[in-house]
Amino acid sequence: MKKNLLLVTLLLFPIFIYGELFLEITKGSEDPYKVAMIPFEGNTGIAKQLNNIMRNDLIRTGEFSILDEELLLPVKIINDELVYNDWKLLGIDYLVTGTIVRANNSLDINYEIFDIHKKRKVRSSKVFGIPNQIRQLAHYTSDGIYESITGIKGIAATRLLYVNETKDSKLISTYKLMIADSDGANEKVLLSSSEPIISPSWSPDGKRAAYVSFENGIAQVFIQEIATRKRKLVLKKDTQISSPSWSPDGKYLSLTLYQDGNAEIYILRLRDQTLTRMTNQFAIDTESSWSPKGNKILFTSGRSGSPQIYELDLRKLNPKAKRISFEGTYNAKASYLPNEDGIIFVHRSSDGLFHIALKYKKENFIRILTEAKMDESPSVAPNGNMVIYGIKEENLSMLAGFSLSGAKFKLPASDGEVREPAWSNFLR
Amino acid sequence: MIANYRYLQASLFSFCIHAAIFMYIYGTFDANTSKTLLISKPLQVELKFELPSKDLKKQIPILPNINTTPSKQVSEDIVYSKAEDEIKTPQNNALMESTIANLLSEESEIEINNEQQEISMYAQKIISTIENAWMKPRNIPEGLVANLRLKIRSSGRITSAELIKSSGNIRFDNSALQAVRRVETFYFFDSIPKMLYDKEFKVIAISFNPS
């Protein structure tokens, strides 16, 4: 026995010698990157504006903390080399500097990112812009900063669609389809109507929006070009059509049609208006959304007696819906994360409150991500790290968002109530 | 005839090109293949930290027994059966020899174990230093594992951190790299003997595995 043991040890020993030491880390808690942003050189007014927007963009991701401006040190450069040690003592991970270059018709930003630990410049970039688009310029710059530090594409330069409802003194509602920057600024009206507008959905190229309007008495789906405001009816039927969702290649719309007596999912080929029926059930099937690769559809169905999330594999000839939510008696309005490893949806917990939840494909439990009472219609940012959704505060609907890394934020409604947000794809 | 010769030449030429293409596709020229092999290597090395502790527990109680029993036997033999000495000594010698051989080998084993113990002590220090600096991201799927390879100077300064196996989740990978960035220097490295450092701690692999 002893000899055997010896043999085993001796046999294993060569492996020890030539292998490398291998350690395992099992604990950890959340902590953001600490970034110092030196106000950009150039016009101080513009620099301040830029700095504010970029700071908010980065903080909203939940992955950054920005050093307070009063604590900033003067940037010392000796022999073309930044003096890193002072910043290290402040606990800074990255330093951002920049200059604003103003020519006749353009406003450009040169910015540089320094890694304080590795003591070198990790990025030197230029963003081209025009003077009346300072917000956009700031968003592009903060996306560049975010991407070069985290390796994840930033979403500050993406946009949102949502529905705004205002009431006049006689309590008559006006519904508006709005478009805004990802931080809620730069709000513009796409469509105004005295009848409800619901379910806005972005085309993958970010140039068009599909939505449901009740302007003709029944629910109809329209497609509208964002630049020209030109719009057209997608499908003329005398029954209701709702919840449009664009396929990732932009060639199809999935819709809910009520022509068979109850709600069923159909796919419409936009080129020639061919309709393909995807579900055939006595129960309601609705709220379809496409997988990022375009080969699957998620939808909500009542076929099990309560609303649950189902998945259809479009690559199969006669796809059978597969139930993928099993927790509780209400799961709805699901959409995929961009890398398809999980879904975000609305879940009613056992206390009867509605929350936004996340379920990873490989996990057999759900993660509840929000804690208000009536959270609804989540929409996932194209990088998968943020979600925007509707909340109710003192009976007023408004928009809120969170990042998976733990940051939370609210988007202020300029007037009235806002609901049904839709996050665009990357727009560059 | 000339035409045939040309055909022959052309077909040979095309064969060579196709062969080259296929070799390229199957990775014959791929310099990275040796790199990917390394990924499986750390898995074997993981044994290192389980073995020493188990071995030590088993061997420490055994040692005194071996020391005492043969010597008793020998002395008893001498006292009670002097006449049989000549016949018995060869046996005793054989017994002695075997125990000495055992002892020697076990001693070397203990030396190894001491070294192993030392390695695992420093390894534990490295682990706890990095654990303290590691901030695991929220809301990431379970079961993610990322492996890093660190190059460390004898002063303890980490000169490079390389991701050798991605978890598939950028936020998780970033958190591992960020932990190493935060640590920057293992200050206890100057207490590691030079031999041991050269052998074990110049390049180490770390697995971030929260499950």
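Here is the naming used below: chain letters follow the sequence lines, and residue numbers restart at 1 for every chain. Note that the structure is predicted; figures quoted are calculated from it, not measured. Computed from heavy atoms alone, side chains included, the values below leave out hydrogens, waters and symmetry copies.
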Pairwise distance [atom1]([X]) to [atom2]([Y]) - rounded to 0.5 angstrom:
X: A/Ser405; Y: B/Met135; atom1: OG; atom2: CE; answer: 14.0 Å
X: A/His117; Y: B/Glu184; atom1: NE2; atom2: CD; answer: 6.0 Å
X: B/Ile158; Y: A/Lys118; atom1: CD1; atom2: NZ; answer: 11.0 Å

Minimum heavy-atom separation for B/Asn139 and A/Leu404, please, with both atom names. ND2-O, 2.8 Å
Locate the shortest heavy-atom distance separating A/Asp93 from B/Arg181; write the atom from each residue and the value. O-NH2, 3.4 Å
With a 3.5 Å distance limit and no angle check, can you tell me whether A/Arg367 reaches the backbone of B/Ile140 through a side-chain donor-acceptor pair? yes
Quick one: does B/Gln178's side chain have a donor or acceptor within less than 3.5 Å of a partner on A/Tyr33's backbone? no
Contact part of [X] toward chain B, heavy-atom cut-off under 4.5 Å: side chain, backbone, both or neither?
X: A/Phe402; value: neither
X: A/Asn385; value: side chain
X: A/Lys359; value: neither

Look at A/Thr150, A/Leu358, A/Asp341, A/Asn339 and state which one has the largest set of heavy-atom pairs under 4.5 Å with chain B. A/Thr150
Can you confirm whether [X] is buried at [atom1], in the sense that more than 12 heavy atoms of other residues, nucleotides or ligands lie under 6.0 Å from that atom?
X: B/Phe15; atom1: CZ; value: no
X: B/Lys151; atom1: NZ; value: no
X: A/Lys88; atom1: NZ; value: yes

Could you tell me whether the side chains of B/Asn174 and A/Glu63 share a donor-acceptor contact shorter than 3.5 Å? no
